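Everything on this sheet refers to the single structure shown next.
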Amino acid sequence: MTTATDAAGQAPAPGPAETRTPILRARRLVKTFGRVVGLDGVSLELYPGEVLAIIGDNGAGKSTLIKCLTGAEIPDEGELFLDEKPVHFKRPQDARAAGIETVYQNLAVSPALDVAANLFLGREERKRGILGSVFRVVDQKGMREKARNELKALGISTLQDVTVPVENLSGGQRQAVAVARAAAFGSKVVVLDEPTAALGVRESNQVLELIRNLRDRGIPVILISHNMPHVFDVADRIHIQRLGKRAATITPESHTMTDAVAIMTGALRA
Amino acid sequence: MTQQTTEPPTSALDLAEEFLDRTTPLSRIRNTLHRYPAVSPAIVLVLAVIVFGLLNDRFLNPANLSLITQQVAVVGTLAVAQTLIILTAGIDLSVGAVMVLSSMVMAQTSVQLGLPGVLAIFLGLVVGLAAGAFNGFLVTRLKLPPFIVTLGTLSIFVALTLLYSGGATVRGAEMPELLTAMGATFNIGGVNFTVGVLMMLLLYVVVALILGKTAWGRHVYAVGDDPEAARLAGISVNRVLMSVYLAAGAILALGAWIQIGRTNAASPNAGAELNLDSITAVVIGGTSLFGGRGTVWGTLLGALIVGVFRNGLSLAGLDVLWQTFAVGVLIIVAVSVDQWIRKVRK
């Protein structure tokens with residue numbers, strides 16, 4: 001609890017990660033909503049092949065932070081670097097095009113559409129030839145085939161039939177669809193906002209397993225969660241938000257859950 | 001209590017799923033209807049045809065069937081526009097008014113200004129598109145609920161129609177031939193069809209293909225289903241909504257052309273019942289008023305049901321008011337069935 005002290009905008013967190021170059025880096029992000037300060041100069045680094053958890057009390061700026069990272073909000077000040085190149089996201093599509101995929105808390109899936117259609121929602125593939133180019137017919141068969149392969153590659157065994165409407169799926173299966181959509185399409189970073197909040201024990205474990213799978217495939221993951229056991233279970237490093245600032249970045253090895261909660265609530269100054 | 005005993009559930013979770021997923025005959029029907037929403041209107045249509053056929057010999061007469069298709073052509077066309085808008089969880093109370101305004105522009109520009117038929121129809125199309133753009137602008141930019149927007153534009157378009165036309169009906173005989181071309185008939189197997197009916201069916205085929213086979217079609221469903229989810233998936237919700245209102249405007253102009261052919265006239269007072277009938281057709285056809293669910297084929301069945309009921313009841317010698325009564329009952333029953341179907345697994 002003495003090591004990880006980096007105030008906003010200072011050098012990256014200590015530890016073995018230092019020598020590597022971050023895949024995603026935020027510097028001194030500021031975001032205000034009227035007189036409410038959502039982010040007060042927050043920096044963050046995400047390294048290749050790691051799961052970075054972001055925790056914090058309600059109103060600590062977790063959601064605002066990831067919204068700024070994923071283009072859902074535009075920060076007032078500060079810089080974002082992807083692969084050390086500065087990026088400016090004006091819309092979620094921009095972040096997505098750059099390779100940052102987000103799974104939102106409210107599960108951004110369309111209930112009436114089937115699994116494959118949801119995986120490809122917003123980036124449908126068209127048929128080859130004149131049917132696709134002139135009449136803009138989508139390649140349903142091809143997309144379903146790819147959806148099956150993608151689910152298999154991610155080790156998602158709970159979704160056998162990609163033609164089922166998503167509304168017929170359980171919460172865990174829906175989450176799997178949302179995560180699979182984020183992980184597909186060669187994304188560089190996957191951001192998960194409270195992926196286990198609405199799930200039961202068994203389904204939560206499946207999602208945590210999925211997160212490990214993603215990391216093992218080399219896709220770094222940012223995980224926002226309230227659930228300390230889940231965070232300490234899968235995270236490599238933990239970024240603690242407090243009052244719109246980064247209070248500390250810790251690891252599950254260096255700190256206990258109690259320490260983390262203490263830093264979160266301000267009882268412990270990291 | 002003791003239903004068929006399949007494999008014993010292993011955990012409490014499985015038990016819960018088993019319980020929710022119980023397959024009583026009723027829930028099986030509900031699941032089927034949920035997956036194929038056009039099934040229930042198809043059943044209603046077949047039953048209605050049989051009952052009205054038994055009630056009156058003349059009902060199944062080719063001349064009468066031909067009449068029903070002609071009566072359905074206009075409502076059926078407007079209902080396509082209505083389906084698109086209801087799929088996005090909107091509603092358009094101005095479809096009838098836009099169609100009448102467009103038909104008056106077609107008729108007046110050709111008769112009073114002496115424009116050729118093609119140009120008059122083009123101007124009617126422009127009016128339809130402009131009306132759609134206006135509705136779409138209010139819905140997407142001012143963020144007003146479609147119900148309120150179109151309630152307002154309904155009055156605006158009705159007033160514009162009367163101001164523009166001076167309340168006068170234009171007879172088909174005065175117009176260029178092209179304007180009344182939709183009324184021309186041809187014969188298939190003893191039943192007379194009009195070009196207008198053919199156009200309507202063509203419209204259904206085209207819109208069904210677009211909705212089912214293109215990315216735009218999927219986006220229409222996604223926007224109606226959950227606009228926030230659609231936005232987060234990278235879909236430009238406003239652009240989709242705007243395109244839907246524009247498409248609806250174009251379809252309404254086609255409806256105006258068909259209407260002129262059907263009545264062999266353009267009357268500013270036509271189409272009062274068309275708003276409600278088009279909504280009824282869509283709702284009876286299994287499209288959900290909450291958006292994101294439904295097909296145009298269901299709407300075609302719905303339009304046919306409305307046509308069959310109106311025609312069958314009048315042949316049965318009942319007062320015209322009972323037709324209106326029946327349409328009202330149909331709406332309530334259809335929405336109740338929709339609510340029941342939507343209860344499938346939350």
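Chain letters run A, B, ... following the sequence lines, proteins first and then strands; every chain starts at 1. Everything numeric here is computed off the predicted structure, so don't read it as measured data.
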Checklist entry - Heavy-atom distance under 4.5 Å between the side chains of A:Leu121 and B:Ile235, does that happen here? => result yes
Checklist entry - Is the shortest heavy-atom distance from the side chain of A:Lys127 to the side chain of B:Lys213 under 4.5 Å? => result no
Are there more than 12 heavy atoms of other residues, nucleotides or ligands under 6.0 Å from atom [atom1] of [X]?
X: A:Phe81; atom1: CZ; result: yes
X: A:Arg215; atom1: CZ; result: yes
X: B:Leu142; atom1: CG; result: yes
X: B:Arg239; atom1: CZ; result: no

Check [X] against [Y] and note the closest heavy-atom contact, atom names and distance.
X: B:Ala233; Y: A:Arg181; result: CB-NH1, 4.1 Å
X: A:Leu113; Y: B:Ala222; result: CD1-CB, 4.1 Å
X: A:Pro111; Y: B:Asp226; result: CD-CB, 4.5 Å
X: B:Thr214; Y: A:Phe135; result: CG2-O, 3.9 Å
X: A:Pro92; Y: B:Arg231; result: CG-NH1, 4.1 Å

Checklist entry - For B:Arg218, is it the side chain, the backbone, both, or neither that has a heavy atom closer than 4.5 Å to a heavy atom of chain A? => result both
Checklist entry - A:Val166 versus chain B, heavy atoms under 4.5 Å apart: side chain, backbone, both or neither? => result neither
